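The shown structure was predicted, so the numbers you read here are calculated from the model rather than taken from an experiment. Order of the sequence lines sets the chain letters (A, B, ...), proteins ahead of strands, with each chain counted from 1.
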Amino acid sequence: MLPHKQIELRLQQAARAVLPDADVTAVLVRPCPDPKFGDYQSAAIMALAKARKLNPRQLAADVVARLDVSPWCEPVEIAGAGFLNFRLRPGVLGETLHAALRGEHLFFATTTQPRTVVVDFSSPNVAKPMHVGHIRSTILGDSLARLFRLLGHRVVTDNHIGDWGTQFGMLLVGWKTMLDRAALDRDAIAELERIYRAINAQCDPAKPTYNLATHEAARAELVKLQQGDPENLALWREMIRLSQIQFDAIYGRLGVKFDHALGESFYNLRLPALVAELMAQGIARESDGAKCVFSDGALPPREDPFLIQRDGEWQANPQLIQKRDGGYNYATTDLATIAHRLETWQPQAIVYVTDGRQQLHFQQLFATFRRWHPELTGPVKLAHVWFGSILGDDGKPLKTRSGENVKLADLLDEAEARAFTVVSEKNAALPEAERRAIARVIGLGAVKYADLLPNRQSDYVFNWDKILALNGNTAPYLQYAYARIQSIFRKGEIPKSALGQPSGEIRLATPEEIALARHLLNFGLVLDAAAEEYRPNYICTYLFELASHFSRFFENCPVLKAEPAERASRLALCDLTARVLAHGLDVLGIETVPNM
RNA sequence: GCGCCUGUAGCUCAGUUGGAUAGAGCAUCUGCCUUCUAAGCAGAGGGUCGUGGGUUCGAUUCCCGCCAGGCGCACCA
């Protein structure tokens, strides 16, 4: 067990000994913000004292009196208003690194309570190009899935593709009246997008291009499709097939894999019974011809997602599950989707990665489902992991259905092209094929990292230079640190087999070595925090700091020219840093290269 | 109108149970490649954490008011 976990465990035991009824799960040990205070600290005693109106320093003294962490730490210091400062004994750091080198851990522990987690992300629409609006869900969702897997959970990824709905009425009209076959053969998605836009413009009563006849035709084609008309079904399947080719290409480039891709249409057959059940149970009722879920009054109005305040009064804010015309909408499909996932995979959590504008929808969705199936949802955590809007340089949101969006494929092309320019400048001697291969990893890494680095709830300002930057706090900086380590191993002709079998103890002498080693130990803390809050940006920050520590070490501590014992220790530090960098980047879906 | 979110350095943003001197990247300026990859390192300047109160030993963090901006509020998803 890692030193900070040992300390935390002992501290919790000591706190419980002093305050038997205290909830000690919040008694945590953190790395010190400043090394001068020590290696780890806890501010938890002050919080406990606060809650009980005790003197924090006295409580700290009482806890410390019951605390024995002598195998790992120097005597514990009580500082300030009641901080506990822990300083690792000489040798503990080196011993911990040694254990990692032997393969006992990589500074993190897999969970003792594995859970099944369904991760729902990406969810592109059929017949539309994937664009920047899909990047966050795809990259964030993939990263979370990788993170849960690394920590030992069973993960089921499911791509809830938009393959059903009113847009197909318009697409069918477009296909039948204005399809350009040659254009379809050249670029199917572009042609589908063209006909969709053209027809859509005629179906929006707010637009001057509105055409009542086209609008009615679209409605009629949709009804035919929903009723199983063979021709429309065949065309619909063809559109899905053409779209899937595009999805596969993008996901292939991004290295994103799904265990399942059960689109909206997969749930069609369940919907009538679902609505009937909700009606029969009194959860839903008819309103203005539509069927809706209303508040059951179980929650206070402020917390009730089915109520809204208008003009000082609480009014109904229902969730629609069947339209007046008999059609279903995404609330209905999403309810069926939860039911299917619970039946099929028995997960302990379902995580939805979508933008923040859907918060109300998910609040209603989860609330409705819990009313529908209270027996199923007790142990299941339904989580909406939302992220901010994508903004243009003008600060306004990029609209999905108007104006030109940056296509994801073009973005990835541009990223690789820019990276190729830089790789060629830095390393002109390499054969072009190798430079291309490196540029692919660097370019895609830069895009993913730029997307994962900000707090997900911040709005995302789309800016080519920022997303494709290769300097500063970017993936290339981390990949560069990794490549420099591999370069040391190459220059020193250190075989891989020699790295895993350390001889002698690990000695840490210089400030740069110690800082690097200390930081390595925090990997698991960061992984746990990122998983707990669904925030891979914690991992980005950690890895950037790790690479920074390594860069300082690299500048100040020669490895290959060091004396034998020192050289062995430094090689070990290099090896462990490389392993943590590679693992951390892999969680972010970012590859490494041995040379760049 | 109601709800959610945002406001931190010139710009873009971090900031882990409230905690110790508020951080990073970019940009600007100054140094460092005959030594393991300079996509780097060292250093400098740059802040009323939107604003006014409150709680606290202690508030960027929690609570309330206000200002500014974004998003959402039943037959799109």
Could you work out which one of [options] sits closest to the side chain of [X]?
X	options	answer
A:Arg552	B:rC41, B:rA74, B:rC36	B:rC41
A:Tyr538	B:rU16, B:rC75, B:rA39	B:rU16
A:Lys426	B:rG25, B:rA38, B:rC41	B:rA38
A:Tyr480	B:rU17, B:rU12, B:rG40	B:rG40
A:Ser551	B:rG40, B:rA39, B:rC36	B:rG40
A:Val559	B:rA39, B:rC71, B:rC36	B:rC36
A:Arg484	B:rU17, B:rG40, B:rA14	B:rG40
A:Asn595	B:rA24, B:rU37, B:rA14	B:rU37
A:Gln41	B:rU37, B:rU17, B:rG19	B:rG19
A:Tyr330	B:rA14, B:rA77, B:rG70	B:rA77

Distance, [atom1] atom - from [M] to [N], rounded to whole angstrom:
N	M	atom1	result
B:rA9	B:rG72	P	27 Å
B:rA22	B:rA14	C1'	11 Å
B:rG54	B:rU61	C1'	15 Å
B:rC64	B:rU28	C1'	42 Å
B:rC5	B:rA24	P	29 Å
B:rG18	B:rC62	P	9 Å
B:rA68	B:rC26	P	36 Å

Could you state the [atom1]-[atom2] distance from [X] to [N], rounded to the nearest angstrom?
X	N	atom1	atom2	value
A:Asn556	B:rU35	CG	C1'	13 Å
A:Trp164	B:rC76	CH2	P	16 Å
A:Asp34	B:rG23	CG	C1'	13 Å
A:Leu453	B:rC13	CG	P	11 Å
A:Phe544	B:rC13	CZ	P	17 Å
A:Gln486	B:rU37	CD	P	12 Å
A:Leu307	B:rC73	CG	P	17 Å
A:Arg30	B:rG18	CZ	P	11 Å

Checking side-chain polar atoms at under 3.5 Å, does [X] have a donor or acceptor matched by the opposite partner on [Y]?
X	Y	answer
A:Tyr352	A:Gln358	no
A:Tyr267	A:Asp334	no
A:Thr333	A:Glu264	no
A:Arg535	A:Asn455	yes

Heavy atoms under 4.0 Å, any strand shown: does [X] hit a base, just sugar-phosphate, or nothing?
X	value
A:Ser287	base
A:Asp288	base
A:Ala290	base
A:Cys557	base
A:Ala43	base
A:Val27	nothing

- prompt: For the residue pair A:Trp236 and A:Phe168, does the interplanar ring angle fall in the parallel (under 30°), tilted (30 to 60°) or perpendicular (over 60°) class?
  reply: perpendicular

Tell me if the centroids of the rings in [X] and [Y] come within less than 6.0 Å of each other.
X	Y	answer
A:Phe362	A:Phe366	yes
A:Phe266	A:His160	no
A:Tyr480	A:Tyr477	no

Whether the side chain of A:Lys36 and the base of B:rU21 hold a donor-acceptor pair under 3.5 Å is what I'd like checked. yes

With no angle test and no hydrogens, is the base of B:rA77 tied to the side chain of A:Ser123 by a donor-acceptor pair under 3.5 Å? no

Result for side-chain contact (heavy atoms from CB on, under 4.5 Å) between A:Asn427 and one of A:Val422, A:Ile438, A:Asn595 points to A:Asn595

Are there any protein N/O atoms within less than 3.5 Å of an N/O atom in nucleotides 56-60 of chain B, and if so, which ones and at what distance?
{"unit_1": "B:rU56", "atom_1": "O2'", "unit_2": "A:Lys50", "atom_2": "NZ", "d": "2.8"}
{"unit_1": "B:rG58", "atom_1": "O6", "unit_2": "A:Lys50", "atom_2": "NZ", "d": "3.3"}

Check whether A:Glu303 reaches the backbone of A:Pro300 with its side chain - one donor and one acceptor, N or O, closer than 3.5 Å.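 Side chain of A:Glu303 to backbone of A:Pro300: no pair is present.
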
Under 3.5 Å, is there a donor-acceptor pair between the side chain of A:Arg436 and the main chain of A:Phe420?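 No: the side chain of A:Arg436 does not pair with the backbone of A:Phe420.
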
- Query: Is there aromatic stacking of A:Phe83 against B:rG19, centre distance under 5.5 Å, plane angle under 30°?
  - Reply: no

Please write out each protein N/O paired with an N/O of nucleotides 4-9 of chain B under 3.5 Å, distance rounded to 0.1 Å.
{"unit_1": "B:rC4", "atom_1": "O2'", "unit_2": "A:Gln359", "atom_2": "OE1", "d": "3.1"}
{"unit_1": "B:rC4", "atom_1": "O2'", "unit_2": "A:Gln359", "atom_2": "NE2", "d": "3.1"}

By nearest-nucleotide position on RNA chain B, the 5'-leaning member of A:Leu84 and A:Ser487 is A:Leu84

Judged by whether its glycosidic angle lies within 90° of 0, B:rC41 is anti

**Report entry** Residues A:Arg552 and A:Glu555 bridged, charged N to O under 4.0 Å
**Finding:**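 Not counted as a salt bridge, because no side-chain N and carboxylate O are separated by less than 4.0 Å.
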
ask   = Does the distance from a Lys or Arg side-chain N to an Asp or Glu carboxylate O, for A:Asp355 and A:Arg136, drop under 4.0 Å?
value = no

Counting only Watson-Crick pairs (N1-N3 plus N6-O4 or O6-N4) and G-U wobbles (N1-O2, O6-N3), all under 3.5 Å, who is the partner of [N]?
N	value
B:rC36	none
B:rG18	none
B:rC26	B:rG10
B:rG65	B:rU51
B:rG72	B:rC2

Check your understanding: Looking at side-chain heavy atoms only, is the closest gap between A:Glu512 and A:Phe554 below 4.5 Å?
Key -> no

Strictly below 4.0 Å: does [X] bring a side-chain N or O up to OP1 or OP2 of [N]?
X	N	value
A:Tyr477	B:rC41	yes
A:Asn455	B:rG15	yes
A:Asn85	B:rA20	no

